[in-house]
Peer 1: 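I'd like to ask some things about the structure below.
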Amino acid sequence: MEAEETRARETLLEVSNLDAGYGDLQILTDLEMTVGRGEYVTIVGPNGAGKSTAMKSVFGLTSHMGGTVTFDGTDITQMVPEEIIHHGLGYVPQNDNVFSSLTVRENLEMGAYILDEVPEDALQAVFDRFPILERRQEQKAGTMSGGQQQMLAMGRALMLEPKLLLLDEPSAGLAPDLVADMFDRIDDINDAGTAILMVEQNAKEALRRCDRGYVLVNGKNGYVGSGRDLLDDEEVRQRFLGG
Amino acid sequence: MDGTPALAVKNLRKTFGGITAVDGTSFAVEAGKMTGLIGPNGAGKSTTFNLITGFNRPDSGQVLLNGDDITGKQPYEIADRGLVRTFQIARELEEMTVLENMMLGPQHQSGESLWRAVTPGVRSSVKRDEEKVLERVWEMLDFFDIAHLAEEYAGNLSGGQRKLLELARALMTDPDILLLDEPFAGVNPSLENRLLEHVHELREQGYTFLLVEHDIDLIMENCSRVLVLHQGKLLADGEPAEIKADERVIEAYLGGEVE
Amino acid sequence: MGIADNYSRGRRLLVERPGQALAAVVGVLLVLALFADLAAKLGSGALGVGDVVLLAWRGVVNGLVIGLAGVGLSMTYSILNFANFAHGDYITGGAFVGWAVAWLVAGLGEYDIGSLLSLGLGADVYAPQLGTSIFGAPLALLLGLVAAGVGAIAIALLIDKLVYEPMRGQDGIALLIASIGVAFILRYLIVFVWGTSVTSVADEAGGLRPTVGGVTFSFGYHELTLVVCAVVLMVGVHVLLQRTKLGKAMRAMSDNQDLARVTGIPTERVIKWTWIIGAGLAGVAGYLLILEAGTIAYSRGWILLLLIFAAVILGGIGSVYGAIFGGLVIGLADSMSIIWIPSDFTKAAAFALMILILLFRPSGLFAGRTTA
Amino acid sequence: MSVRDYLDRLTGTGRADTDAGAPGDGAAGTDLGIVVGLMLAVYVVFVAIGVVLGYDTNGIVNALSQVTFLTAVYALVVLALNLHWGYTGLFNIGVAGFMAVGTYTMAMATAAPDARVPGLGLPIWAGIALGMAAAAVIGLVAALPALRLRADYLAIVTIALAEIIRLTYLSSAVQTFTVFGTQLGTGGGSGIGIEADPDTVVVEFLASVPGLNVLFDAFGSVLSGMGVQQSVINNWYYAFVLLVVVVAYYWLLQRIGHSPFGRVLKSIREDEDVARALGKNTRLFKIKSFMVGCSLMGLAGILWFGSYGFINPNTFLPQVTFFVWIALIIGGAGSNTGGVVGAAMFAAVLFELPRYLASIAGDTGGLPSAPPTFARAVGALFDLEPLAFVAYGIDNIGPLRLVLVGVVLIVLMQRRPEGLLGHRKETAASIGLSRPNRSRETTDATAATDGGEEQ
Amino acid sequence: TGGGGGGSDNGSDGEETTTGTDSGGSGDGTTTGSDSGGSGGSASRSEPIRYGVLLPTTGDLASVGKPIRDAATLVGKQLQNADMGGLSVEYQEEDTQTSPQAGISAANSLVNAGVPGICGPASSGVNIQVSKQVFIPNGVVGCSPSSTAPSVTDLEDDGFIFRTAPSDALQGQVMAQVANENLGSSTAATMYVNNDYGQLLSESFVSAFEEAGGSVNNQVSFEKEQSSYTSKLQSALGDEPDLLIVIGYPASGIQIFKDFYADFDASNFDVLLTDGMKDPAMQKQVGNPMENVTGTAPAPVGPAADAFAQLYQEEYSREPGVFNAHAYDASAVLVLANAMAGENSGEKVAEMMPEVANPEGTEVTVENLAEGVQMAANGEPVMYQGASSPVDFDDAGDMASVSYDVWKFAPDSESGIEVSETIDFEK
Ligand SMILES: Nc1ncnc2c1ncn2[C@@H]1O[C@H](COP(=O)(O)OP(=O)(O)OP(=O)(O)O)[C@@H](O)[C@H]1O
Ligand SMILES: Nc1ncnc2c1ncn2[C@@H]1O[C@H](COP(=O)(O)OP(=O)(O)OP(=O)(O)O)[C@@H](O)[C@H]1O
Ligand SMILES: [Mg+2]
Ligand SMILES: [Mg+2]
């Protein structure tokens, strides 16, 4: 994808001046971030920089202290997660992201909880994308391996065919073959038209694949640019990508 | 190699319900070396650790520590014999300070006897022992560069600092063998390099390490020997270069990624 | 689970935990000995068949009350993640509200409202005058039943709003301790309003006394009413949880509350529903308990609470069937152990049974088979 | 300034200003200050209210002795419970049961062989020792299986055990029985008298100790000069004795807490697996902690309920356990000083004060006579006689007081779940953990401050 | 003199009780009592005559305890409204909650407040413990209106413990007599509340009944206020006795009889109750006419029975119930003894108790109580003639002569109780 094309895109998610944290503890200051329709954006940064917090804030899971979050023209700043999900956002948290005592199929059905009925076509689409899930439908999610659980979590978020998918470290803890696999799947999902906002510690790989990247430092915006620009930036390489 | 290995497992097996987590694995770990243990998710690495350290009981098979059978012993007995582990997810004693966490490490402290802890007169010997432990604690904190956090509650540490504390605390037990379960997962690369330096320093002092990691480059660069686990079975065992070239390992674990 | 599976498990148990295996063998022998003793007692005439049936029937009746109330406790336990020590007082609260309404309806126009609502406390009104039995005042009793459920629900929702909502996200122990506070408040407000005396609120309704083979059995109509209501409600809850999304949402929540929110489950609504079902069942159980016993007192629910906990834990927290099954086991143990041990120890026997079972199945009999 | 702020300031709960000073020096001074200050404040409140409302000297002094007694006995049990819950994280809600075992054993050991409920006729000291030992043994019996369970299951098991114990003492089957030819008895529902009741025996003993008796006499004659009854003075003597025992408990538990042993207990509370991985035999530590706590509860039961001279099974209802828990939670689990503060707050402020106020209000008059039932009281409200409703409330201060207890508990859990003094940094070590002076090198962080000057 | 709260001396150190002037009267935060400073009365006493009322208004005995309490306080109310020439009476109440433990605490409050004599406690289980733990050691007079256990007689009480209720040693005999002669039973089972009262009365009945040739199959103890008594009833009735004795309190009785009529064939058994369940409200609550139930209870047949009943009715608009007359008598004697003692000293009051109650002196009854108090205060001999009995104490502090009623429930009568016969005992 070309950088020029990206800029031309219509804005889907817009975070402006966001201050947020936990309880009284502020983590994010003046955060600015946008994702265009169908765009693939990555957030990188040191441990504890506030990457996960940023994702949670978009999804209404933190204490809001200032600023706005707009999604697809709607102000979702003060909304609770169960409302936000109606607007076409999907979220896969960093850890604890499956219902371990429910079966694989039930997990996927929970993904479509807000609908009156389980959308069979969406379910089939998830199964097509992750065949292992179809074979293991009746297995308790908690007994699946780490990588399988990541896929299940992603599958669940896809059940509503979201416009934007928030992924928090989808490759963490995965074996190398699965890491590659995971990135390929995310590319697929993005190609099908879903915008992606992803946090990754596997920064080089992530930046190589995305349209645009943000570097978060100490809860503030650090660097912004196309994935390739950030990869090429000497300072960013030295400070955040381990040389 | 020379004589009995520091640690050996023989035909270790463990099932959970229908799942076979560890399936007749045997391997040995040489003293004074750093050995890597890799394998896909769910291969049984953490379970193997649990079996070795007594947190799970094997269905069958043996664990030998310096030639002694320690199968099925309690974790504290095994730690007593100088085999200590860290957890995959750092487990700090959150409402205890870093100092308290560290002070907990040494084994057989005289003040751990209730009688000595409270009896007037005897207690002064407890204090003397504590002073010795305290001295080592501060040395260790300096060594790990977390002395400035000494008074902090462990629950207030950042992810990387927790990993450091976990390792430092394990070292306070003065072990012969350390089993590290993904000590660098989620740790920022620059911090990771510092940790590794420490580990190598220790290895040179004579400690033995068994290290689980998914970062393949890290394993290859730092370990003198690599074990590959797959579906609970030992798939390969050799020097890093051999492992990298092993077809089965590439297929089962490394995927197309390695150059 | 197949027989072979069980067999191999048994063999492993024998090898790995010889102590436990031995205890299991002793346990089985003990049960056999108890039955042999029962047979001997029946044979020698020291104990009549009618007696045994009466004890068993009382056990079932009590067990169903315990189970019914237990379902509610189990649900709040697993979904809201804390042991609610005020559950017994929801039972009492529902019972008082229900019976006050039943009395009001039964005696409206004849007696003054204050005396009726205070269940005759300090006034010269008694249950037999009002005829509060299922035959004497069926409508009043039915309305009372509904009021008991609704009353307990109202109490539970109000308390959730005031007490637990500001504490969402705190750990289970904090909530548990807060629930002890709630228990104190409820119980002693009830004392403040209705006093501590034991009052007869339900009139006698008689019962079936069939004679089979020279042995007379006795099944009270109120006991039968209780059994029917309890079974209907249990089936109702089962269907509700099976057929609606609510059941699944509850399971998801008891599994992982944060993830449930992210998935779009309206957690607050599920919590409210949990209280509605849990407290509603508790209130109705309390009302039926009083209907069957005939008398009411401020401490009834609290006294029952420990048995309910025993039942829920024995069955496995979070399992509806576990609670029902556990209730029956505890009810029967409490009632029937009198055959073998002095009557002072029956309750102790029920508790001891719970402790024993926990030793072998530390997470209960139906553990893992959660709600619905 | 709220109590909370005050306590925060006194104790430095804030995390910035913790000193690593040796436990027992500076910190102990503040702690003593907190406790003494609190007790004095309570006394002042009681005296002030009494004086303003014209209560007589005897009444006021008696109320103070009652407050002191209750604070002390609650403090004893709370301290013991703190060892279980605050340090080791064992959720024991069978406290009443362990107190029952201690007290009953003592009563049965000291009862005369020819009494209505026959006993062994041992002297009180032997009775106390046996009582503590029995409580510890029952603790062991409970601990062996129960400590394998998760926290809330352990709670249910302990409360069930406490009920089994109570029901056993209640049973007429063991009212009197014979072991090895010796007649013994529990008294069943009729209860058992305590021949050597601690308050009389201990006070008599102390009054006979040369030196002490002069002190006691002097104290007594001052009070009786103020028109205080001898029985009230005796209560004060016993209260003093109890305060000394509280100090002993506190000392013991501080020693346990500030030692490697206590450190292991704390680590079990935080994460038992970690302790096991570090080579600690956690099961043994838990059993020790449980047994010591239980035996301390046994002694507390003896000194508390034993001093009434009579116990019956219903003395040990689960309610008692909950009161103790509430006191612990108010003070803050994990802190021994907090435990004592919680005991004082609960016993004096929550428990005695309302009763005291009500009895004064009832005596002062001006109120109509209380309506006999709630319905009438509400009726009086409709008749615009709110005072009658108030009188009903005062008449029913017993239940209302417990409602208040509930409210306080809830507000506390919402606002300050860790209690008034919870979460203080009470370092679990027998020595101060600051950097030893002879440490060779200083790090960059400290070089500027202390290191720089020394060189 | 201002004989203030110098208090109860055990006599051990023989201190004189003249204390400083500051403690006189004014400090007592009390409402009651007419102004001192006398017209007429020669009593040179400025402090009020004090007595305590220690009866259950909550717990198991709440329903019968409240009317008894009312009868005990009636003395105080009556005298506060009367002109006693400068003397005043003051009473203080505490609740025993029908529990020995709570009773001991409550008794301590009274003693610590300086009350020299106390009417109560009601039940024997509480009375024995309170007497042992509080009254006797503190030298305070206890006079129970309703504690009937035989063991009260044997307390080593240093002369401090009295009662106006008769000992159950007698009631056991009356019960055996009723069982034999009125009901014609030869076998019986007892169900008794698990405390001193139940246990001792059951024993006393059993020995009397067996002596008279009857046999007792089962003696079953039960706990108070359970929600079901079916299994207890089953144990008791297992051997099909002719007669079931139930000894307990109404709060448990309601449930016992509900279960009895629901689960058993009541027509097969006679039931005999004791004073504890002589409560017409219980029968109304149970709903059954309870025709197979007979009871025994100490009879209120004192010389002033009617006068008391009238006074009670005037004050409370209801008829007195069981032990109400006894409570009035106990309080009246306490007040008289206190007046004669001249100060609030337990020891002196104890000494005066038989003095004012037993023969010789001006007859004092419900009607001239105020005068009697004045006379006693002036040191004139008086003889109290009670509502429950003539009130003559024997050496153990028990009633020298008593009578028992044999009663049945009578749902249609106004009082709900019908007395068929009165049996007199003269020791
Ligand atoms: N629930 C919470 N309560 C309080 N503080 C929190 C909470 N979660 C995270 N924090 C703090 O917020 C800061 C940012 O955390 P966040 O999880 O957003 O970091 P991150 O950038 O995702 O790091 P990582 O790469 O390690 O996942 C950290 O200092 C962390 O300690
Ligand atoms: N307690 C348990 N109950 C049931 N299954 C278990 C349990 N513990 C582990 N397993 C299963 O055993 C297998 C091996 O798990 P283990 O944690 O040892 O893998 P691992 O090699 O450490 O993987 P990862 O790299 O993801 O940490 C997995 O399939 C897991 O689901
Ligand atoms: Mg993160
Ligand atoms: Mg692992």
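Protein chains get the first letters and strands the later ones, always in sequence-line order, with residue 1 at the start of each. Everything numeric here is computed off the predicted structure, so don't read it as measured data. No hydrogens, no waters, no symmetry mates; every other heavy atom, side chains included, goes into these values.
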Peer 1: If we define contacts as heavy-atom pairs under 4.5 Å, which of Val408(D), Leu161(D), Val407(D) has the most with chain C?
Peer 2: Val407(D)
Peer 1: Is it true that, when you exclude Tyr153(D) itself, more than 12 heavy atoms of the residues, nucleotides or ligands shown sit nearer than 6.0 Å to its OH?
Peer 2: yes
Peer 1: Is the shortest heavy-atom distance from the side chain of Thr373(D) to the side chain of Trp194(C) under 4.5 Å?
Peer 2: no
Peer 1: Non-hydrogen atoms of chain C under 4.5 Å away: do they reach the side chain of Arg166(D), the backbone, both or neither?
Peer 2: neither
Peer 1: Do Leu170(D) and Asp344(C) have side chains that approach each other closer than 4.5 Å (heavy atoms only, starting at C-beta)?
Peer 2: no
Peer 1: Would you indicate whether the side-chain heavy atoms of Leu167(D) and Thr346(C) approach each other to under 4.5 Å?
Peer 2: no
Peer 1: Listed by residue number, which members of residues 319-331 of chain D have a heavy atom under 4.5 Å from any heavy atom of chain C?
Peer 2: Gln319(D), Phe322(D), Phe323(D), Trp325(D), Ile326(D), Ile329(D)
Peer 1: Flag the pair Phe345(C) / Ser171(D) as yes when at least one side-chain heavy-atom distance between them is below 4.5 Å, and no otherwise.
Peer 2: yes
Peer 1: Could you check whether any side-chain heavy atom of Pro318(D) comes within less than 4.5 Å of a side-chain heavy atom of Trp302(C), counting everything from C-beta outward?
Peer 2: yes
Peer 1: Do Met413(D) and Leu175(C) make a side-chain contact, defined as non-hydrogen atoms from C-beta onward lying under 4.5 Å apart?
Peer 2: no
Peer 1: Which region of Phe85(C), side chain (C-beta onward) or backbone (N, CA, C, O), has a non-hydrogen atom less than 4.5 Å from a non-hydrogen atom of chain D, or is it both or neither?
Peer 2: side chain
Peer 1: Where on Leu400(D) is there a heavy atom nearer than 4.5 Å to chain C: the side chain, the backbone, both, or neither?
Peer 2: side chain
Peer 1: I want to check something: taking the side chain as every heavy atom from C-beta on, are Ile173(C) and Phe91(D) in contact at a cut-off of under 4.5 Å?
Peer 2: yes
